There are 2 protein chains.
Amino acid sequence: MEAAVLYSGGKDCSLAAYILDKLGYEVRLVTATFGICDSFKYAKEAADAMGFDHETKKLKRDIIEEATERIILDGFPRNGINIVHRHAIEEVAGQFCTIADGTRRDDKAPWLNLPEIRSLEDRLGIEYISPLRGIGYKTVKKLVSDLLIIEEGVDINKGDYEVELREFLRKKGYDVKEHFLVHKQSRLLEMR
Amino acid sequence: MEAAVLYSGGKDCSLAAYILDKLGYEVRLVTATFGICDSFKYAKEAADAMGFDHETKKLKRDIIEEATERIILDGFPRNGINIVHRHAIEEVAGQFCTIADGTRRDDKAPWLNLPEIRSLEDRLGIEYISPLRGIGYKTVKKLVSDLLIIEEGVDINKGDYEVELREFLRKKGYDVKEHFLVHKQSRLLEMR
């Protein structure tokens with residue numbers, strides 16, 4: 001059984017991949033990218049450290065147009081990030097039947113609600129798994145520290161949607177500090 | 001790290017226990033019982049088959065009174081089952097700091113919503129984990145068939161709340177068929 005894990009190189013999707021591996025899935029890490037910058041290479045490094053296959057999946061430019069328009073309109077990135085995430089799942093669904101991500105119980109974005117999940121599963125004929133959806137922040141932190149070696153900080157490079165969304169907006173002349181909060185990032189260095 | 005898994009012997013809580021074990025927890029299976037019938041013995045048998053420690057936790061009679069009153073009032077068991085589940089977590093919280101259950105993404109009961117989970121965690125100082133909360137019915141079915149050997153049917157004996165709630169109502173002269181739907185039960189026989 002193959003499972004694609006949408007992968008940024010961060011701690012959450014790394015832990016999700018770890019769990020799927022333990023459940024017997026052949027894990028394939030997939031980083032969605034618009035090709036705006038080369039941040040996917042950080043995801044690739046982390047994927048290599050996990051010892052799982054890794055590939056990138058190119059998303060169409062009109063998706064980042066739609067997502068960033070939404071972010072400008074909202075003044076916050078949540079809905080824009082979700083637009084990218086849904087499209088990434090759709091894109092990966094052409095190749096994989098089981099698709100997972102690192103969404104945690106306490107996450108705001110990316111976050112699919114139950115009707116959205118069921119609709120995606122039915123429409124695309126996939127099984128969607130979020131192994132961390134029933135696990136809170138504190139527990140994820142403990143598990144990560146037990147199982148993985150990560151680096152954390154506000155200026156860690158990883159291959160998530162936000163990096164490219166920020167860069168795209170910056171190039172268009174927007175002040176991204178207005179729309180994105182600065183928060184701690186993480187990146188997998190090694191498995192314990 | 002010890003984790004108590006609320007355990008009926010069924011497939012979902014068995015799979016949840018399997019995942020926690022793979023995450024490095026010392027798994028303790030705990031079956032809550034009112035002592036109305038001896039259905040906990042089926043959970044004990046399944047626990048032995050999993051090779052994890054098992055214990056029963058006695059719940060107070062006023063909880064089953066409250067839960068069955070609610071079921072009679074509602075005409076369906078969901079809220080009554082949730083009352084028992086919350087009390088079971090509270091009871092187990094006296095002994096364990098990490099408490100898990102087999103709640104699946106598509107479950108109706110027992111089911112704690114996010115505010116209820118956060119309130120329980122803060123008030124009791126516990127971490128609550130539902131390893132299957134991000135996994136749909138179809139995927140759980142596949143994983144169970146890959147990892148566990150179970151028996152399934154409408155008349156399988158296991159140690160869940162519903163067995164005792166039904167029996168309590170039956171003894172009080174209620175027609176339980178009016179309040180509970182007949183649905184397929186499962187019980188773990190062996191690990192693969």
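Here is how names work: the chains are called A, B, and so on, in the same order as the sequence lines, proteins then strands, and each is numbered from 1. Just so you know, these numbers come straight off a predicted model, no measurement behind them.
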### Residue part contacting chain B, namely of A:Ile117, when any heavy atom lies under 4.5 Å
side chain
### Between A:Asp146, A:Leu23, A:Thr103, the one whose heavy-atom pairs under 4.5 Å with chain B are most numerous
A:Leu23
### Message
Whether B:Lys141 and B:Glu152 form a salt bridge (side-chain N of Lys/Arg under 4.0 Å from carboxylate O of Asp/Glu) is what I want to check.
### Response
no
#### Entry: Basic-acidic side-chain contact under 4.0 Å: A:Glu66, A:Lys60
no
### Residues A:Glu45 and A:Arg187 bridged, charged N to O under 4.0 Å
yes
#### Entry: Proximity breakdown for B:Ile19 and chain A, heavy-atom pairs closer than 4.5 Å
side chain
### Query
How about A:Lys22: does its NZ atom have over 12 heavy atoms from other parts shown lying under 6.0 Å from it?
no
### Task
Below 4.5 Å from any heavy atom of chain A, which atoms of B:Arg118 appear? Answer side chain, backbone, both or neither.
side chain
### Task
Please look at B:Leu143 and chain A and tell me whether the side chain, the backbone, both or neither of the residue comes under 4.5 angstrom of a heavy atom of that chain.
side chain
### Task
Name the region of B:Leu114, side chain, backbone, both or neither, that has any atom closer than 4.5 Å to a heavy atom of chain A.
side chain
### Query
Under 4.5 Å between side-chain heavy atoms, hopping through other hydrophobics if needed: is there a path connecting B:Leu147 to A:Met1?
yes
### Message
Counting only heavy atoms not in A:Tyr174 (residues, nucleotides, ligands), do more than 12 fall under 6.0 Å from its OH?
### Response
no
## Note on the structure
Highest number of heavy-atom pairs under 4.5 Å with chain B among A:Leu15, A:Leu132, A:Asp106 belongs to A:Asp106
